[in-house]
Number of protein chains: 2
Amino acid sequence: MSEKTAIQIDNQVGELLKKNSLSVTGSRKKILQLFLEQPGALAHGDIERKAGEKFDRVTVYRTLQTFVDKGIVHTIPTADNSIRYALCKDECSEGHHHDHHIHFVCSNCNNTYCLDDVVTAEIKLPKGYSAEHVEVVVEGVCKNCN
Amino acid sequence: MSEKTAIQIDNQVGELLKKNSLSVTGSRKKILQLFLEQPGALAHGDIERKAGEKFDRVTVYRTLQTFVDKGIVHTIPTADNSIRYALCKDECSEGHHHDHHIHFVCSNCNNTYCLDDVVTAEIKLPKGYSAEHVEVVVEGVCKNCN
DNA sequence: TTAAAAAAGCAACACTGTTGCAAAAGAAAG
DNA sequence: CTTTCTTTTGCAACAGTGTTGCTTTTTTAA
Ligand SMILES: [Mn+2]
Ligand SMILES: [Mn+2]
Ligand SMILES: [Zn+2]
Ligand SMILES: [Zn+2]
């Protein structure tokens, strides 16, 4: 599959917003575009740098929070304490994320990837503990840097 | 095994500091005590609240950083982007942490535990990716809250 | 086109973490 | 125990991050 065209991305952006009953505004289109035109995850800072000249810092925060609430993006915790955001797959619905994939942070290029196809073995917890959610973050060297 | 006495903890604190060639100071003793007299992990805020009336905020930051550098404590990333700190096992040496255990965050009491005995299966990454470090954080209900 | 609802921008603020520097405390030696 | 040297602490100032209340602007829907 080749690179997506600007038109294709634009259509996808509109669809995504409508599907989630969100009004179509400049900041939402711009930020969603950023996610769609590249494969990895974005830190808040990245987004602010790329969209922030045009939009207020507060708007970026509120837009991302809206996307998380609606199940359009999900957050990825990292060791350096900076939240990353990545697009959810279609199955995520409002207030209920289904992202059970693991995340990979490249120590070289610092990009973060959702590895959707990696299956993780069930974890046997000690007696008395019950799991609700498991978060796996792998740090290493990515495909492009290897 | 019963609860540790104040004397026991005090001895342990002294030993730990000497073993790592750190001078024995009020803040280091106090903060190390906090870790030793309870099983879970501590957020920076916790420590600041419990030790901060006596010590400056900056001192707490610097003390924790020193402990991390020396391999006395290790950090635990969490979904809410607040770093937790927990005591390392004996094998950790300066600049080289060996904590390959998983971490458990209770969604009820909000305590964080190191689960040293849980073994995690090897993760099969896609071609081209190589792992250096794997971080597993399980969220659920802990032994005390179940 | 208009009215109602939602979002954006702005200012102000709280919280977190960092740095430089002077004062205080600790370690080592005599 | 006292002196000297080294390390740590406290303080002040600051940068970065995220939040809130309120007003203006934009979007939506009738
Ligand atoms: Mn993901
Ligand atoms: Mn641990
Ligand atoms: Zn890379
Ligand atoms: Zn609990």
Side-chain angles (χ1 to χ4, degrees), chain A residues 10 13-34 41-70 72-85 94 110 112, chain B residues 10 13-34 41-70 72-85 94 110 112:
Chain A
D10 205 61
V13 164
E15 275 175 39
L16 254 171
L17 290 175
K18 277 183 220 148
K19 197 171 77 181
N20 289 280
S21 18
L22 290 174
S23 39
V24 180
T25 69
S27 69
R28 286 177 183 166
K29 280 195 285 185
K30 176 64 182 173
I31 292 175
L32 220 38
Q33 261 180 43
L34 291 180
L42 295 170
H44 188 281
D46 298 330
I47 298 165
E48 211 178 301
R49 265 185 295 281
K50 288 175 183 168
E53 295 161 18
K54 194 110 182 20
F55 304 103
D56 192 84
R57 236 159 49 80
V58 178
T59 300
V60 176
Y61 279 110
R62 291 200 267 229
T63 302
L64 284 171
Q65 188 53 56
T66 301
F67 287 171
V68 171
D69 290 347
K70 288 286 185 178
I72 299 174
V73 304
H74 61 279
T75 58
I76 306 167
T78 57
D80 69 338
N81 219 21
S82 76
I83 299 180
R84 313 271 173 120
Y85 299 84
E94 186 157 352
N110 207 32
T112 302
Chain B
D10 205 61
V13 163
E15 275 175 41
L16 254 172
L17 290 175
K18 276 183 223 148
K19 196 171 75 181
N20 288 281
S21 19
L22 289 174
S23 40
V24 180
T25 68
S27 69
R28 287 178 182 164
K29 281 195 286 186
K30 175 65 181 175
I31 292 175
L32 221 37
Q33 260 180 44
L34 291 179
L42 295 170
H44 188 280
D46 299 330
I47 298 166
E48 211 178 302
R49 267 184 295 283
K50 288 176 183 166
E53 296 160 18
K54 194 107 182 20
F55 302 102
D56 192 83
R57 237 162 45 81
V58 178
T59 300
V60 176
Y61 279 109
R62 291 200 266 226
T63 302
L64 285 171
Q65 188 53 55
T66 301
F67 287 173
V68 171
D69 290 345
K70 288 287 184 177
I72 299 175
V73 305
H74 62 279
T75 58
I76 305 167
T78 58
D80 70 337
N81 219 22
S82 75
I83 299 181
R84 313 271 174 120
Y85 298 84
E94 185 157 351
N110 207 33
T112 301

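Given the structure is predicted, the values throughout are model-derived calculations rather than measurements.
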Problem set entry | Under 3.5 Å donor-acceptor pair, A/Arg57 side-chain atoms to D/dG18 base atoms | yes

Seminar exercise, completed: Note: B/Thr78 and A/Pro77 closest approach over all heavy atoms is O-CB, 3.8 Å

For this session: Please step through side chain to side chain donor-acceptor pair (under 3.5 Å) for the pair A/Thr112 and A/Arg84, ending with a clear verdict.
Result: CA-CA 8 Å; A/Thr112 302; A/Arg84 313 271 173 120; 2.8 Å; yes

For this session: Assign B/Lys54 to base, sugar-phosphate, or nothing according to its heavy-atom contacts below 4.0 angstrom with the strands shown.
Result: sugar-phosphate

Exercise. Looking at the side chain of B/Asp56, which of C/dG9, D/dC11, C/dT16 is the nearest nucleotide?
Worked result: D/dC11

Seminar exercise, completed: DNA chain C nearest-nucleotide lookup for B/Leu22 and B/Gly45: closer to the 5′ end is B/Gly45

For this session: Quick one: label A/Thr66 by what it contacts on the DNA or RNA (base, sugar-phosphate, nothing), any heavy atom closer than 4.0 Å.
Result: nothing

Problem set entry | Given DNA chain D, 5'-ward residue of the pair B/Val58 and A/Val24, judged by closest heavy atom | B/Val58

Problem set entry | Check: B/Arg62 side chain, D/dG10 base, donor-acceptor under 3.5 Å | yes

Exercise. Are side-chain heavy atoms of B/Asp46 and B/Tyr85 found at a separation under 4.5 Å?
Worked result: no

Seminar exercise, completed: The single option from A/Lys30, A/Lys18, A/Gln33 that satisfies side-chain contact (heavy atoms from CB on, under 4.5 Å) with A/Val13 is A/Gln33

Exercise. C/dG17 P sits how many Å from B/Ile47 CD1, rounded?
Worked result: 11 Å

Exercise. In whole angstroms, how far is the P atom of D/dT7 from the CG atom of B/Leu17?
Worked result: 16 Å

Problem set entry | Candidates C/dT18, D/dG18, D/dT27 - which lies nearest the side chain of A/His44 | D/dG18

For this session: Could you state the atom-to-atom distance from CD of A/Gln65 to P of D/dT17 in whole Å?
Result: 17 Å

Problem set entry | Step-by-step side chain to side chain contact (heavy atoms under 4.5 Å, CB included) determination, B/Leu64 to B/Val60 | CA-CA 6 Å; B/Leu64 285 171; B/Val60 176; 4.0 Å; yes

Seminar exercise, completed: Atom CZ of A/Phe55 and atom P of C/dC10 are separated, to the nearest Å, by 12 Å

Exercise. Is the shortest side-chain N/O distance from B/Ser27 to OP1 or OP2 of D/dT8 below 4.0 Å?
Worked result: no

Problem set entry | Length of the line joining B/Tyr61:OH and D/dG10:C1', which is rounded to integer Å | 15 Å

Exercise. For B/Ser23 and D/dT8, is the shortest distance between a side-chain N/O and OP1 or OP2 below 4.0 Å?
Worked result: yes

Problem set entry | Options C/dG9, C/dA6, C/dT19, nucleotide nearest the side-chain atoms of A/Thr59 | C/dG9

Seminar exercise, completed: With five pairs defining each end axis, the helix from C/dT1-D/dA30 to C/dG30-D/dC1 comes out bent, to 10°, by 40°

For this session: Apply the test side chain to side chain donor-acceptor pair (under 3.5 Å) to residues A/Ser23 and A/Arg28: give CA-CA distance (whole Å), side-chain angles for both, the deciding distance (0.1 Å), then the verdict.
Result: CA-CA 9 Å; A/Ser23 39; A/Arg28 286 177 183 166; 3.3 Å; yes

For this session: Take atom CZ of A/Arg49 and atom P of D/dT17, then tell me their distance rounded to the nearest Å.
Result: 8 Å

Problem set entry | Flag side-chain contact, heavy atom, 4.5 Å: A/Leu32 against A/Ile72 | yes

Exercise. Centres of the B/Tyr61 and B/His44 rings: under 6.0 Å?
Worked result: yes

Exercise. Whole Å only: how far is the CG atom of B/Asn20 from the C1' atom of C/dA27?
Worked result: 17 Å

Seminar exercise, completed: From NZ of A/Lys29 across to C1' of D/dT26 the rounded distance in Å is 12 Å

